[in-house]
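Below, read A as the first sequence line, B as the second, and so on, with proteins coming before strands; counting in each chain starts at 1.
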Number of protein chains: 2
Amino acid sequence: MNKKQIQSEQTRKKIADAARHLFVQKGYKATSIEEITAATGSSKGNLYYHFKSKEGLFLYLLDEWDRDWIAKWREKEHLHTTATEKMYGFAEQMVREDLNHPLTKAADEFFIGDDKTCEVEDRLAEMVAEHLSFNRMLIQQGIDSGEFRENDVQGLALVLEALVIGLSQVSRRANLTQALETYRLAIQVFLHGISQNK
Amino acid sequence: MNKKQIQSEQTRKKIADAARHLFVQKGYKATSIEEITAATGSSKGNLYYHFKSKEGLFLYLLDEWDRDWIAKWREKEHLHTTATEKMYGFAEQMVREDLNHPLTKAADEFFIGDDKTCEVEDRLAEMVAEHLSFNRMLIQQGIDSGEFRENDVQGLALVLEALVIGLSQVSRRANLTQALETYRLAIQVFLHGISQNK
DNA sequence: TAAGATATTGACCGAACGTTCAGTATAGAA
DNA sequence: TTCTATACTGAACGTTCGGTCAATATCTTA
């Protein structure tokens with residue numbers, strides 16, 4: 001690869017990294033192009049040379065995030081045998097790789113806002129569906145193995161999604177160990193409940 | 001009261017209602033003053049005659065919401081005897097009175113955003129603390145009565161808060177019956193868990 | 001009814017933001 | 001070295017938005 005191509009790709013990566021960090025920290029709308037370029041040191045025009053638009057940049061980050069997440073999950077999934085273990089692993093990856101990932105905060109802005117492009121809307125709907133499908137699979141697995149009680153799987157998938165989204169928001173300003181603790185407790189509650197009658 | 005005063009108060013209420021509806025539906029930033037005035041039929045200047053600023057309007061809505069919520073809760077609290085029943089009642093009120101209340105969506109925007117006034121920041125921190133305190137009380141009550149297993153109360157309060165926040169987001173585009181169902185299931189899971197081993 | 005207080009209007013302002021573009025710098029090809 | 005495609009710059013543009021204000025309408029009071 002050319003020296004120029006390498007440098008170009010580095011710049012692209014630099015912009016993407018800075019943007020990801022800012023989107024995650026401040027949300028989509030609250031992050032300005034100017035801030036992103038200020039964080040990279042390169043110029044506004046250069047950002048638009050590498051990315052079609054702000055939406056396009058965000059979309060790129062979503063895709064990247066999605067690919068990374070699934071890859072990392074597949075890497076570690078086999079370490080967990082039971083569905084219960086998988087659930088804790090799921091929570092752990094959520095916190096470790098992903099605490100405050102772009103989706104949680106920014107996707108919501110897109111869903112509600114009226115300035116979204118069809119392309120983004122479709123992609124987001126797709127991602128939420130994937131999430132719910134993932135949750136359903138995880139839960140169904142536990143039910144099949146007898147770990148979890150028979151129940152409304154779709155409903156539980158939704159509840160789990162809600163829990164994860166809420167946890168991400170509540171933990172946004174917490175440090176990693178605190179967040180991990182809260183996530184673990186949440187999953188523990190989700191799995192075992194707090195009811196006394198056993 | 002004067003005819004003029006009555007009309008003025010009606011206008012004020014009309015603006016507040018429209019603003020609440022829009023904030024709840026679209027979030028804080030995404031809702032423009034122009035939209036609010038368009039929804040009320042009155043003018044921009046008139047809004048600024050009745051409210052100090054956009055932030056002031058939002059703050060007013062938060063206070064109003066808070067007062068209403070607590071009043072309604074106190075009204076119905078005695079109907080529930082056990083902590084378990086209270087928890088369901090809590091969820092029901094959340095959905096019925098409050099599905100997508102201003103706090104959930106907009107408070108998050110304020111917390112992260114850098115354009116917040118100290119006054120708003122303090123008020124929001126106060127409200128979150130109140131929420132957690134409320135949750136703690138509810139949970140502690142259940143533990144004292146033997147309904148809930150002994151556990152980390154502060155942590156559980158945080159988890160419950162996360163659950164409620166997440167549920168509100170997930171249910172934003174659902175109808176009331178669907179939302180109620182999801183909330184009930186979530187509380188049921190929170191209370192009893194999904195684990196098989198009893 | 002006249003004067004004054006109160007309520008309402010909408011054009012306007014300045015700042016912020018996403019986006020564009022004419023121009024410059026640089027690395028590889030010829 | 002010269003030429004060209006690629007990488008990059010930053011001033012400028014159009015739009016949006018929160019907020020202001022002088023003018024006007026409406027109601028109360030004396």
Side-chain angles (χ1 to χ4, degrees), chain A residues 1-20 22-23 25-61 106 109-110 112-117 119-120, chain B residues 1-20 22-23 25-61 106 109-110 112-117 119-120:
Chain A
M1 213 193 288
N2 276 342
K3 177 178 166 187
K4 207 170 188 179
Q5 283 175 305
I6 289 172
Q7 212 169 33
S8 182
E9 201 161 305
Q10 275 180 343
T11 305
R12 191 182 169 84
K13 195 174 174 333
K14 222 169 161 184
I15 293 172
D17 286 342
R20 190 186 313 107
L22 284 166
F23 281 144
Q25 202 177 30
K26 313 186 54 177
Y28 178 78
K29 267 204 170 173
T31 302
S32 68
I33 299 290
E34 206 119 29
E35 277 176 302
I36 296 172
T37 56
T40 61
S42 78
S43 71
K44 236 178 194 183
N46 199 22
L47 187 147
Y48 279 91
Y49 176 78
H50 287 285
F51 298 95
K52 193 181 112 200
S53 63
K54 194 186 181 188
E55 259 190 19
L57 171 56
F58 183 71
L59 214 56
Y60 171 85
L61 291 176
E109 289 182 50
F110 270 117
I112 306 293
D114 30 13
D115 48 355
K116 61 203 164 197
T117 309
E119 194 190 359
V120 179
Chain B
M1 215 192 290
N2 275 342
K3 178 179 167 188
K4 207 168 190 181
Q5 284 175 305
I6 289 172
Q7 212 169 35
S8 183
E9 202 161 304
Q10 275 180 343
T11 305
R12 193 182 167 84
K13 196 174 173 335
K14 220 169 162 183
I15 293 172
D17 286 342
R20 190 184 314 107
L22 284 167
F23 281 144
Q25 200 178 31
K26 312 185 54 179
Y28 179 77
K29 264 203 172 175
T31 301
S32 68
I33 299 290
E34 207 115 27
E35 276 176 303
I36 296 171
T37 56
T40 60
S42 79
S43 71
K44 224 180 195 182
N46 199 23
L47 186 148
Y48 278 92
Y49 176 76
H50 287 284
F51 297 96
K52 194 181 112 199
S53 63
K54 193 186 182 187
E55 259 190 19
L57 171 56
F58 182 70
L59 214 55
Y60 171 85
L61 291 175
E109 289 182 51
F110 270 115
I112 306 294
D114 31 12
D115 48 354
K116 63 203 161 199
T117 309
E119 195 189 356
V120 179

Closest non-hydrogen contact found for A:Glu35 with A:Lys26 is OE2-NZ, 2.6 Å
The ring-ring contact (aromatic ring centres under 6.0 Å, His included) partners of A:Tyr48 (sequence neighbours excluded) come to none
With a non-hydrogen cut-off below 4.0 angstrom, is B:Thr31 in contact with a base, only sugar-phosphate, or nothing? sugar-phosphate
Any N/O donor-acceptor pair, B:Lys44 side-chain to D:dG19 base, under 3.5 Å | yes
> If you look at every strand shown and take non-hydrogen atoms under 4.0 Å, does A:Asn2 touch a base, only sugar-phosphate, or nothing?
Replying inline: sugar-phosphate
Contacts of A:Lys3 and B:Glu34 projected onto DNA chain C by closest heavy atom; the upstream (5') one is B:Glu34
Q. Using a cut-off of 4.0 Å on non-hydrogen atoms, how would the nucleic acid contact of B:Thr40 be classed: base, sugar-phosphate, or nothing?
A. nothing
A:Lys13 meets the side chain to side chain donor-acceptor pair (under 3.5 Å) criterion, sequence neighbours left out, with A:Asp17
When the rotation axes relating C1' atoms of four end pairs to the next four are compared across the helix from C:dT1-D:dA30 to C:dA30-D:dT1, five pairs an end, they differ to 10° by 10°
5'-most contact on DNA chain D (nearest-nucleotide basis), A:Thr11 vs B:Lys52, goes to A:Thr11
Outer limits of DNA chain C sitting under 4.0 Å from a non-hydrogen atom of chain A, read 5' to 3', are C:dC17 to C:dG28
Walking DNA chain D from its 5' end, the first of A:Ser43 and B:Gln7 to be reached, judged by nearest nucleotide, is A:Ser43
Residue set satisfying side chain to side chain donor-acceptor pair (under 3.5 Å) with A:Ser42, at least two apart, ordered chain then number -> A:Thr40
Sorted by chain and residue number, the salt bridge (Lys or Arg N to Asp or Glu O under 4.0 Å) partners of B:Lys44 (sequence neighbours excluded) come out as B:Glu34
